[in-house]
There are 2 protein chains.
Amino acid sequence: MTETLKQGSATAASRIYETLRQDLLNGRYRAGERLSITLLRETYEVGLSPLREALNRLAAYGLLRQENQRGFRVLELTREELADITEMRRQLEGMALELAIRHGDEEWESQLLAANHRLARAGEHTPVVEWEGLHSRFHSALVEPCGSAWLLRFISQLHDQFDRYRRVAPRAQELRHQLDSQHQELVDLALARNARQARALIEEHITLSSEVAKCSCR
Amino acid sequence: MTETLKQGSATAASRIYETLRQDLLNGRYRAGERLSITLLRETYEVGLSPLREALNRLAAYGLLRQENQRGFRVLELTREELADITEMRRQLEGMALELAIRHGDEEWESQLLAANHRLARAGEHTPVVEWEGLHSRFHSALVEPCGSAWLLRFISQLHDQFDRYRRVAPRAQELRHQLDSQHQELVDLALARNARQARALIEEHITLSSEVAKCSCR
DNA sequence: TTTCTGGAAATAATCGATTATTTGACTCAG
DNA sequence: CTGAGTCAAATAATCGATTATTTCCAGAAA
């Protein structure tokens with residue numbers, strides 16, 4: 001009776017999908033590496049069918065490349081693709097932020113302040129994985145009320161792509177601090193409903209993050 | 001020996017994925033309908049594993065909705081989502097067309113002229129499925145050299161979404177003709193490298209298509 | 001009548017075994 | 001040596017059967 005506390009009850013395929021996604025974002029597997037299905041089976045102690053279903057989803061999502069009869073590979077990390085992802089993030093998140101500032105209500109303002117506070121409180125001794133979660137949620141909260149489900153979907157997808165680069169890059173303290181202070185400025189501009197400047201700042205923020213991430217390319 | 005004439009040799013999962021994708025775009029299944037796996041198996045005469053893999057891909061791509069333990073459903077057709085898709089197409093294809101006009105070379109001009117010619121030649125008695133192919137290829141050709149793989153990916157995805165609405169809508173001859181003539185104008189503006197006007201026209205073109213598609217919503 | 005409850009039928013998810021394809025080492029002719 | 005051809009091992013893809021979950025309906029209780 002206490003078994004299905006988890007809402008909905010996730011399938012094995014969904015669980016392994018989420019685990020694999022996180023592991024891919026965290027750079028557990030080398031760029032370009034071929035993922036051996038047999039090996040993955042043993043590593044995650046999961047059956048063949050749910051594993052293959054998860055891999056198929058990840059490939060459709062763009063975190064893996066599927067070659068017929070030759071299994072699945074981790075995507076490469078290239079300067080060209082990082083530039084593409086960065087520019088797309090600039091455009092789409094800039095657009096979304098402007099819309100969010102136009103449509104966001106008081107509830108949004110509260111959520112945004114809360115997300116920023118939690119992120120700012122997380123200091124040196126916070127586990128990286130936890131910080132990453134707070135960071136993701138902050139950026140989600142920022143654009144959340146833009147009014148377009150597809151825009152949010154694309155932004156999340158690009159965030160995942162971007163994180164593959166960012167998370168394996170060495171942590172540059174100097175830039176790290178600058179990026180952190182930009183989070184605060186973004187909140188201020190958002191609450192002031194200054195769409196123009198907010199858009200300019202988030203574009204700068206993304207470009208700066210991209211500089212940090214660049215060294216992870218081959 | 002003459003077996004594998006097909007390039008690369010597609011897997012069963014890839015084949016059924018493509019077939020199902022087309023059938024979904026063509027409205028073979030009702031909006032919101034629950035897809036019975038057992039029934040699909042019989043319909044397409046395919047094994048369970050490749051079928052499930054294809055369904056997982058389609059769900060990740062956004063053409064199906066997956067509910068844990070409750071299988072797969074066709075997405076609904078709603079005015080709100082059509083509006084969202086339309087606005088996203090306007091923004092992204094507008095952006096891509098400007099970039100394509102800036103970067104496209106002579107080869108692009110040729111391809112574009114060819115695609116437009118083939119589309120224009122297709123008349124009343126051309127099979128619908130063939131016309132749809134030419135139409136897709138025309139719009140692809142238009143934005144192809146924009147320089148961003150992710151932008152092209154999102155545009156294709158939105159095209160598929162949009163087609164679910166457009167293809168099940170009744171064929172309005174009046175608007176149909178107007179849309180056709182816009183294809184020619186788009187080519188003219190592209191070849192003249194008139195980015196501003198071309199962008200304006202493609203946005204108008206998308207809005208007009210959306211008007212045609214609106215009556216397919218519940 | 002309406003609302004539970006139990007359980008059978010339907011169906012989604014998973015497993016174990018089998019088949020098909022690729023990979024890589026080895027052979028041998030040139 | 002070199003390169004084409006061959007075969008065995010590795011592994012990806014698929015199948016058939018089993019397990020787990022949901023759905024639906026009959027019957028009991030309120």
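Quick note on labels: first sequence line is chain A, next is B, and so on, each numbered from 1.
Put simply, the residue from B:E33, B:R34, B:Q66 that forms a side chain to side chain contact (heavy atoms under 4.5 Å, CB included) with B:F72 is B:Q66. When each of B:H183, B:H159, B:H205, B:H117 is paired with B:F138, the ring-ring contact (aromatic ring centres under 6.0 Å, His included) condition holds for B:H183 and for no other. None of B:R167, B:R164, B:E132 except one satisfies the side chain to side chain donor-acceptor pair (under 3.5 Å) rule with B:N26; the exception is B:R167.
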Identify all pairs in which a protein N or O lies below 3.5 Å from an N or O of nucleotides 13-15 of chain D, and state each distance.
residue: D:dA13; atom: OP1; partner: A:Q69; partner atom: N; Å: 3.2
residue: D:dA13; atom: OP2; partner: A:R52; partner atom: NH1; Å: 2.5
residue: D:dA13; atom: OP2; partner: A:R52; partner atom: NH2; Å: 2.8
residue: D:dT14; atom: OP1; partner: B:A12; partner atom: N; Å: 2.3
residue: D:dC15; atom: OP2; partner: B:G47; partner atom: N; Å: 3.2
residue: D:dC15; atom: N4; partner: B:S49; partner atom: OG; Å: 3.0

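Under the salt bridge (Lys or Arg N to Asp or Glu O under 4.0 Å) criterion, A:R21 pairs with A:E18, A:D160, not counting sequence neighbours. Residues forming a salt bridge (Lys or Arg N to Asp or Glu O under 4.0 Å) with A:R28 (at least two apart in sequence, or on another chain): A:D23.
Residue B:R34 is in sugar-phosphate contact alone, with no base atom involved, counting any heavy-atom pair closer than 4.0 Å across all strands shown.
When the C1' atom of C:dG16 is taken as reference, atom CG of A:L51 falls 15 Å away, rounded to whole Å. The distance from atom CG of A:L64 to atom C1' of D:dA12 is 15 Å, rounded to the nearest whole Å.
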